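Keep in mind that this is a model prediction, so the values were computed, not measured.
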Amino acid sequence: MNKTTKEHFAIFRKECLKWIEVFGLKGWDVTIKHKKMEDCRAACTSHVVNRWAELKLNIDWNKEWEISKDRLKKDAFHEVMELFLAVISNLAEYRYTTASEIEEEIHAIIRTLENVVFEKK
């Protein structure tokens with residue numbers, strides 16, 4: 001096993017906070033943790049109704065996963081994108097979701113991307 005350190009967690013946490021800011025995910029109560037998990041480098045757990053989320057960096061990485069600054073940054077970005085898409089993911093799981101609810105969330109995502117990505121080009 002490879003073990004992530006407090007320094008690794010600091011990089012992960014800083015990147016998570018950066019991307020939360022960039023994508024304006026201010027309506028979420030986000031906790032960032034460094035803990036043991038199974039079969040992943042990092043994870044995002046969210047509760048859409050209450051708008052809370054945990055972004056987690058695994059302490060124990062499989063030996064084939066190289067721990068690097070770039071990998072930690074990319075994993076942080078990935079988990080924040082999981083949070084960014086949490087609502088649409090949640091809607092897709094329910095059979096009673098209406099087409100208008102899905103369309104509304106898709107447009108919320110598009111507007112965010114217009115403001116974050118398009119406007120920066």
Side-chain angles (χ1 to χ4, degrees):
M1 282 285 178
N2 291 327
K3 298 255 186 218
T4 57
T5 65
K6 288 180 183 179
E7 291 78 19
H8 294 134
F9 178 66
I11 293 165
F12 178 82
R13 185 177 192 287
K14 182 179 177 184
E15 284 297 302
C16 285
L17 294 172
K18 175 180 94 175
W19 292 113
I20 288 168
E21 180 71 28
V22 166
F23 285 95
L25 300 173
K26 302 295 188 169
W28 290 88
D29 179 12
V30 179
T31 304
I32 305 170
K33 295 184 176 184
H34 191 206
K35 62 188 279 183
K36 288 186 179 190
M37 298 179 287
E38 295 292 322
D39 299 323
C40 65
R41 291 185 303 269
C44 173
T45 304
S46 62
H47 190 277
V48 171
V49 174
N50 294 324
R51 293 291 175 145
W52 66 259
E54 285 183 352
L55 304 176
K56 298 164 283 209
L57 176 66
N58 196 352
I59 291 171
D60 293 325
W61 285 24
N62 290 336
K63 61 183 175 183
E64 56 272 356
W65 296 338
E66 179 186 343
I67 301 171
S68 69
K69 190 174 183 178
D70 287 341
R71 176 81 267 161
L72 293 163
K73 287 181 171 189
K74 189 170 186 177
D75 287 347
F77 177 82
H78 180 98
E79 299 314 324
V80 172
M81 291 302 93
E82 292 269 356
L83 179 58
F84 181 61
L85 297 170
V87 174
I88 193 117
S89 178
N90 190 60
L91 288 172
E93 292 177 12
Y94 294 109
R95 293 186 321 163
Y96 57 82
T97 301
T98 66
S100 65
E101 288 174 314
I102 292 171
E103 185 175 351
E104 177 184 347
E105 183 57 23
I106 287 169
H107 280 90
I109 293 166
I110 291 168
R111 293 288 181 238
T112 300
L113 293 172
E114 285 174 347
N115 293 326
V116 172
V117 179
F118 184 79
E119 294 299 325
K120 303 287 190 234
K121 289 257 174 196

| All ring-ring contact (aromatic ring centres under 6.0 Å, His included) counterparts of H34, not counting sequence neighbours | F9

| Less than 4.5 Å apart, any side-chain heavy atom of L113 and any of F118? | no

| note | In this structure, NZ of K36 is separated from CG of L57 (nearest 0.5 Å) by 13.5 Å

| Hey, are T5 and E7 close enough side-chain-wise for a donor-acceptor pair under 3.5 Å? | yes

| Would the number of heavy atoms belonging to other residues, nucleotides or ligands and lying under 6.0 Å from NZ of K18 be above 12? | yes

| said: Is there a path of hydrophobic side-chain contacts, each under 4.5 Å between heavy atoms of I/L/V/M/F/W/Y residues, joining W52 to V30? | reply: no

| note | For V48 and A86 the tightest heavy-atom approach is CG2-O, 3.7 Å

| task | State plainly whether one hydrophobic cluster holds both M81 and L83, where clusters connect Ile, Leu, Val, Met, Phe, Trp and Tyr through side-chain heavy atoms under 4.5 angstrom apart. | result | yes

| Between C16 and V80, which heavy-atom pair has the shortest distance, and what is it? | O-CG2, 3.7 Å

| task | Indicate the ring-plane relationship of W19 and F23, choosing parallel, tilted or perpendicular according to the 30° and 60° boundaries. | result | tilted

| request: Please list, chain by chain and in numerical order, all residues satisfying side chain to side chain donor-acceptor pair (under 3.5 Å) with H78, sequence neighbours excluded. | output: E82

| remark: On a heavy-atom basis, the closest approach of A42 and E79 is O-OE2, 3.3 Å

| request: Apply salt bridge (charged side-chain N to carboxylate O under 4.0 Å, His left out) to K74 and list each qualifying residue two or more places apart in sequence or on a separate chain. | output: none

| field | E104 atom CD, neighbour heavy-atom count above 12 within 6.0 Å | value | no

| request: Taking the side chain as every heavy atom from C-beta outward, state whether I32 and L17 have any atom pair closer than 4.5 Å. | output: yes

| field | Exam field: side chain N2 to backbone W65, donor-acceptor pair closer than 3.5 Å | value | yes

| remark: Scanning both residues in full, the closest heavy-atom pair of K3 with I67 reads O-CD1, 3.5 Å

| said: Once salt bridge (charged side-chain N to carboxylate O under 4.0 Å, His left out) is applied, what residue pairs with a partner in residues 40-54 remain, sequence neighbours excluded? | reply: K33-E54, R41-D75, E54-K56

| query | Above 12 or not: heavy atoms from other molecules or residues under 6.0 Å from CZ of R71? | reply | yes

Side-chain donor-acceptor distances from residues 88-96 under 3.5 Å, at least two apart:
none

| field | Stepwise side-chain contact (heavy atoms from CB on, under 4.5 Å) check, W61 with C40 | value | CA-CA 7 Å; W61 285 24; C40 65; over 6 Å; no

| request: Kindly determine whether E15 and L72 satisfy side-chain contact (heavy atoms from CB on, under 4.5 Å), including the steps that lead there. | output: CA-CA 8 Å; E15 284 297 302; L72 293 163; over 6 Å; no

| message | I want to check something: taking the side chain as every heavy atom from C-beta on, are F12 and N58 in contact at a cut-off of under 4.5 Å? | response | no

| task | Kindly indicate, with the supporting measurements, whether the criterion side-chain contact (heavy atoms from CB on, under 4.5 Å) is fulfilled by L55 and T31. | result | CA-CA 6 Å; L55 304 176; T31 304; over 6 Å; no

Could you pull out every donor-acceptor pair under 3.5 Å between side chains of residues 105-112 and any protein atom, sequence neighbours left out?
residue : atom : partner : partner atom : Å
H107    : ND1  : E103    : O            : 3.0
R111    : NH1  : E114    : OE1          : 3.0
R111    : NH1  : E114    : OE2          : 3.2
T112    : OG1  : A108    : O            : 3.0

